[in-house]
Structures are given as C-alpha cells and as structure tokens.
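Only this structure's heavy atoms are used, side chains among them; waters, hydrogens and symmetry mates stay out. To find a chain, count down the sequence lines: A is the first, B the second, and so on, and within it residues start at 1. Because the structure is predicted, anything quoted here is derived from the model rather than measured.
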There are 2 protein chains.
Amino acid sequence: MKTDSTPCGTGPKYSRKTADERREALLQAALRCIVRLGVEKSSIRAIADEAGVSVGLINHHYGSKEALVAAAYRHVADDLLSQIESRVAACDGGPRERLSAFIDASFSPVVLNETLFRAWLAFWTLQAQSPEVSAVHKERYGAYRQVLEKLFAQIKGDAEAGAMSPRMAAIGLSGLLDGLWLEWCLEPETFTPAEGIALAERWVETAIDDPGSL
Amino acid sequence: MKTDSTPCGTGPKYSRKTADERREALLQAALRCIVRLGVEKSSIRAIADEAGVSVGLINHHYGSKEALVAAAYRHVADDLLSQIESRVAACDGGPRERLSAFIDASFSPVVLNETLFRAWLAFWTLQAQSPEVSAVHKERYGAYRQVLEKLFAQIKGDAEAGAMSPRMAAIGLSGLLDGLWLEWCLEPETFTPAEGIALAERWVETAIDDPGSL
DNA sequence: TCTCTTGTTGAACGATTGTTCAACACCGGG
DNA sequence: CCCGGTGTTGAACAATCGTTCAACAAGAGA
C-alpha cells in the first residue's frame, strides 16, 4: 500500500495504532466514502483505500462491513441532529425564534445535501432488514420530533388563543420539512431553499395563529 | 413412434410469446421481485426466475437491467397517479372538493402501503445512478405537481381574495403529502391516516384563504 | 410436411463484491 | 540487542453481478 514517508523506501511500511484509534479512523474514512461515492459504491476496498490501509483491517476491527456501516450511520444521525440543535440553542430569542432557527438549519447546505440524502436513502432501505438500524431510526426520529413538539408547546404556552395541538403541529412541520427535503434532493431545480423556508414558516404561522380543531 | 425415453412430460420446453406480452410479463415479475426482495437483491437471475424464463431474455427484450427497472418505475408511477386522478375525476364537486378527493386518495391504503414504499425507496436509490430512472422521475413528478397546481389555480380563479401562488401551494402540499407518507411508512404508529388528511386540509385552507406573500 | 423466422435458452465471461488467513513487520519489554 | 505479540498486509477465494452470443426450438406460412 501507500506509505507517507520518504520516497527512498527505507521508512516503515505502516504505523501501528491502537484498536480505538484505528476504529475511529476507519469510521471517518467510511463516512467520507459514503458521502463522496454513495453507500452502494463504498466497497471494502474503497473504504480501505480512503483510510490508507489494506482491505483486511476492516473485518479485523469491525467483524463485517455491515457493522462498520451501521456505526457510520449512527454517527451521521447523531451529528446531524446535534448540529441542528446547536443552531437552535445558539438562538437567543423566544421559542418562535428558535423554531425559525430550526427551519433555517433544516434548509442549510449541511442538510440540503444530495450525498447526505443518498446516505439516508440507504439507511431507510437497511431499516427494513436490520433491527439494529431500525432501532437507531426510531430513537433518532423520536428525538427529532420531540424537539419540534417542545417548541410548539412553548409557543402555545406563550400565546393566548387556542392553536393546533403541539403534537399535530410538530408532525405537520416534520412532514413538511422532510417532504421538501426529499423533493429538493431528488430535483433541486423545483424550488429554492428560500422558498422552502417560506413554506415552512407559513405552516408555523398557520399552526400557532389559527384557532384550530386539531 | 416419436416418444423418447422420458416417461412423461415431453411437451414444449417453453412457449413463445409476442414481444409485448413478454415485456409485460417481465415487468410484472420485476415489480414482484423489487417489492419482495428489494432492488439490490433483485438480480437479473431472480427476476428471470420469477418470470419463469432464462436470464438472456431480459437483455433481449429490454437491452439492459436498468431499462427494465426504469420501465417498472414508470409503470408503478403511472398506475398510482392515474388511480388518484380517477378518484379526483369521480368527484363531481368544484376544484376545492376535487382537491379534497386528491388528499383522501393520497391517504388511502393503495398509497399508504409499505411494499409500495419499498419499491419507491428502490427507485429513488437508483435515480442517483441511472439517468434513465432519473428522467422517469422528473417526468412523473412533474405531472403529479401539475395536477395539484391546476387545482390550486382553479380555486384561486374562483376566489376573489389574493392567495398563495398556485405553484408554491402545490409545492407545499406535495411536500407535505410526501413527507407524511414517508414518515407513516417508516413508522405507522406515529399518526393515523385521518390525522394526515386533517393536516393536509389545514394546509390547503392556509394556502387559499390567507392573503399571502408567496 | 418442410422451411424459415425469431423468441428463447443457458453456459460462459469478466468485473466486482465481502471475507479469510497465513505471512509479515512494527514496536515495546526483556 | 533481540524477541514475541499483535496490528497489519494483500493475495486468494467463493459468491454474485450484468452481459453476451452461438445454438436451439416453437410455431406460422408455404
């Protein structure tokens, strides 16, 4: 394989690392591959090459490719939600402003990303077959909706008029955000991120302003 | 006497069919495979086996596996949209009532179907790698949104007050319907179809009633 | 009945996949 | 300095993929 040492070939052929270090390096390499190539093209060899190691290391440290991919997905899901939450937390306004921050974050390039979408597609597909992946989905998606529901509940607490129930408002906004994300990733020319934000904001206004029967 | 050594079953080894018949049979077999096994496991051999023919027939009639899958996508998408449109056409009310019929149809068991969802996941996944599948998506999704946009335009024509532009209203409703469909298929316990209908209806009311800046 | 068209077969091929494992080499402790 | 354990290598392997194509045979027309 490649060695990043002197060209005169007297350096070590590889450097030994601890199991934890190597596992982390392999996971990062897998993520880079998945993002760049998509999951279906992220073969053992592509990931090993990206990490600068040989193919055997992956099965040595993770037991199977599936275990590595599952670990990578968990990492991505955790990272994405925490990134959105940090942008919400950074907002110093009230719940209504924090909800807008959530929407803005949902239409930021970090989320509106075709490669991320491809990873998510693979995640959804795997969910039907792997109970472990399915559990990760349920856990992460529950947390996602919970954040929205709390924000709506706080807004409702502030307002006087009766509004849509926080649960229904959160389900609606979550669906709208996911649907727009889906359609944008499949065909980015359909609408702009700014238009998506405007649509989501309109939903929020509807949910909190109108006296609702939901 | 022309009977050979085999005791029975000396009938024809296969039956010849017209190109159209065989293409249709292969397409149906491909759909059954995709729904049951998923795309990644629906190999040429699995589809051929499902159709009861040999592997060579697929490339003979479709040129490539990609073309067959694209045709299957088109078939499913056509069927789904025409089913929805027929229910809309069966509604004898005005555009507003027809829009409600569209929403009702979108939450009917025909659409809210996990196997259909798995097929759709497969098509979305292939869309990233296959220009042919991507073209089919663009065409079918455009038609889908066009139906919604026309209904919103007719409603706007009827109403006096300014409302959201038909294009934005259609994009929003399309996103909401797709997002809710996605989330329901991934986790049906989250909300009921009736709640989904109520959310979509709420969006329509927002789009046509409020004087909008969109 | 014979012929000819053509739908159909299925073995073969090359590419690629995830996995294995004996050999190798780095590096800390003797 | 050398030695042993262990992190690492990479060729080999079996399975599977989509595609090809020469050979076969079904069935209609002569």
Side-chain angles (χ1 to χ4, degrees), chain A residues 1-6 9-27 29-30 33-34 37-72 122 125-126 129-130, chain B residues 2 4 6 9-27 29-30 33-34 37-72 122 125-126 129-133:
Chain A
M1 285 302 304
K2 63 174 72 173
T3 58
D4 45 0
S5 59
T6 62
T10 52
K13 293 185 178 178
Y14 59 86
S15 74
R16 299 165 75 98
K17 298 195 174 167
T18 67
D20 283 344
E21 284 174 335
R22 190 62 81 186
R23 281 177 63 93
E24 173 68 16
L26 285 174
L27 192 142
C33 273
I34 288 171
L37 307 172
V39 203
E40 64 284 351
K41 287 296 166 192
S42 294
S43 66
I44 287 284
R45 283 161 183 83
I47 296 173
D49 198 56
E50 175 70 31
V53 298
S54 81
V55 290
L57 257 198
I58 286 169
N59 276 279
H60 181 260
H61 283 294
Y62 278 94
S64 73
K65 184 198 176 183
E66 186 182 333
L68 171 57
V69 172
T125 304
L126 258 65
Q129 324 167 352
S130 163
Chain B
K2 64 189 179 77
D4 52 35
T6 52
T10 55
K13 292 184 178 176
Y14 59 86
S15 74
R16 299 164 76 98
K17 299 194 174 169
T18 67
D20 283 345
E21 285 174 335
R22 190 62 82 185
R23 282 176 63 92
E24 173 67 17
L26 286 173
L27 192 145
C33 273
I34 288 172
L37 307 171
V39 215
E40 66 283 352
K41 289 295 166 193
S42 293
S43 65
I44 287 284
R45 284 162 183 82
I47 296 172
D49 198 57
E50 174 73 30
V53 298
S54 81
V55 290
L57 259 199
I58 287 168
N59 276 282
H60 181 260
H61 282 294
Y62 278 94
S64 72
K65 184 197 177 184
E66 186 184 320
L68 170 57
V69 174
T125 303
L126 256 68
Q129 25 185 301
S130 160
E132 203 167 349
V133 173

J.: Whole Å only: how far is the CG atom of A:L37 from the P atom of C:dT17?
T.: 11 Å
J.: Tell me the interatomic distance from B:N59, atom CG, to C:dG10, atom P, rounded to whole angstroms.
T.: 16 Å
J.: The side chain of A:K17 is closest to which nucleotide in this list: C:dT19, D:dT8, D:dT19?
T.: D:dT8
J.: Base, sugar-phosphate alone, or nothing: which one does B:T18 contact when heavy atoms must sit under 4.0 Å apart?
T.: nothing
J.: Could you check A:R16 against B:H60 and say which one's nearest nucleotide on DNA chain D is further toward the 5' end?
T.: A:R16
J.: Decide side-chain contact (heavy atoms from CB on, under 4.5 Å) for A:S43 and A:K41; before the verdict, give the C-alpha distance in whole Å, the side-chain angles of both, and the deciding distance to 0.1 Å.
T.: CA-CA 6 Å; A:S43 66; A:K41 287 296 166 192; over 6 Å; no
J.: In whole Å, I'd like the distance from the CZ atom of B:R23 to the C1' atom of C:dG7.
T.: 14 Å
J.: Taking atom C1' of D:dC17 as reference, at what distance in whole Å does atom CD1 of B:I44 sit?
T.: 9 Å
J.: Nearest heavy atom decides the nucleotide; on that basis, is A:R22 or B:G63 closer to the 5' end of DNA chain D?
T.: A:R22
J.: Can you tell me the distance, in whole Å, between the OH atom of A:Y62 and the C1' atom of C:dT19?
T.: 18 Å
J.: Report the nucleotide, chosen from C:dC26, D:dA26, C:dT20, that has the shortest atom-to-atom distance to any side-chain atom of B:K13.
T.: D:dA26
J.: Report yes if some heavy atom in the side chain of B:Y62 is under 4.5 Å from a heavy atom in the side chain of B:L27; otherwise report no.
T.: yes
J.: Does A:L26 form a side-chain contact (heavy atoms from CB on, under 4.5 Å) with A:R22? I'd like the steps, not just the answer.
T.: CA-CA 6 Å; A:L26 285 174; A:R22 190 62 81 186; 4.3 Å; yes
J.: Which one, D:dT19, C:dC26, D:dC17, comes nearest to the side chain of B:S43?
T.: D:dC17
J.: If you round to the nearest 0.5 Å, how far is CG of A:L37 from CD1 of A:I47?
T.: 9.0 Å
J.: Could you state the atom-to-atom distance from CD1 of A:I47 to P of C:dG18 in whole Å?
T.: 8 Å
J.: Between B:S54 and C:dG10, is there a side-chain N or O to OP1/OP2 distance below 4.0 Å?
T.: no
J.: Let me spell it out: for each of B:A19 and B:R45, pick the nucleotide of DNA chain C with the closest heavy atom. Which residue's pick is nearer the 5' end?
T.: B:A19
J.: Atom NE2 of A:H61 to atom C1' of D:dT9: distance rounded to whole Å?
T.: 12 Å
J.: For B:E66 and B:P131, which heavy atoms make the closest approach, and how far apart are they?
T.: OE2-CD, 3.9 Å
J.: Starting at atom CD of A:E66, determine the distance to atom C1' of C:dG18, rounded to an integer number of angstrom.
T.: 12 Å
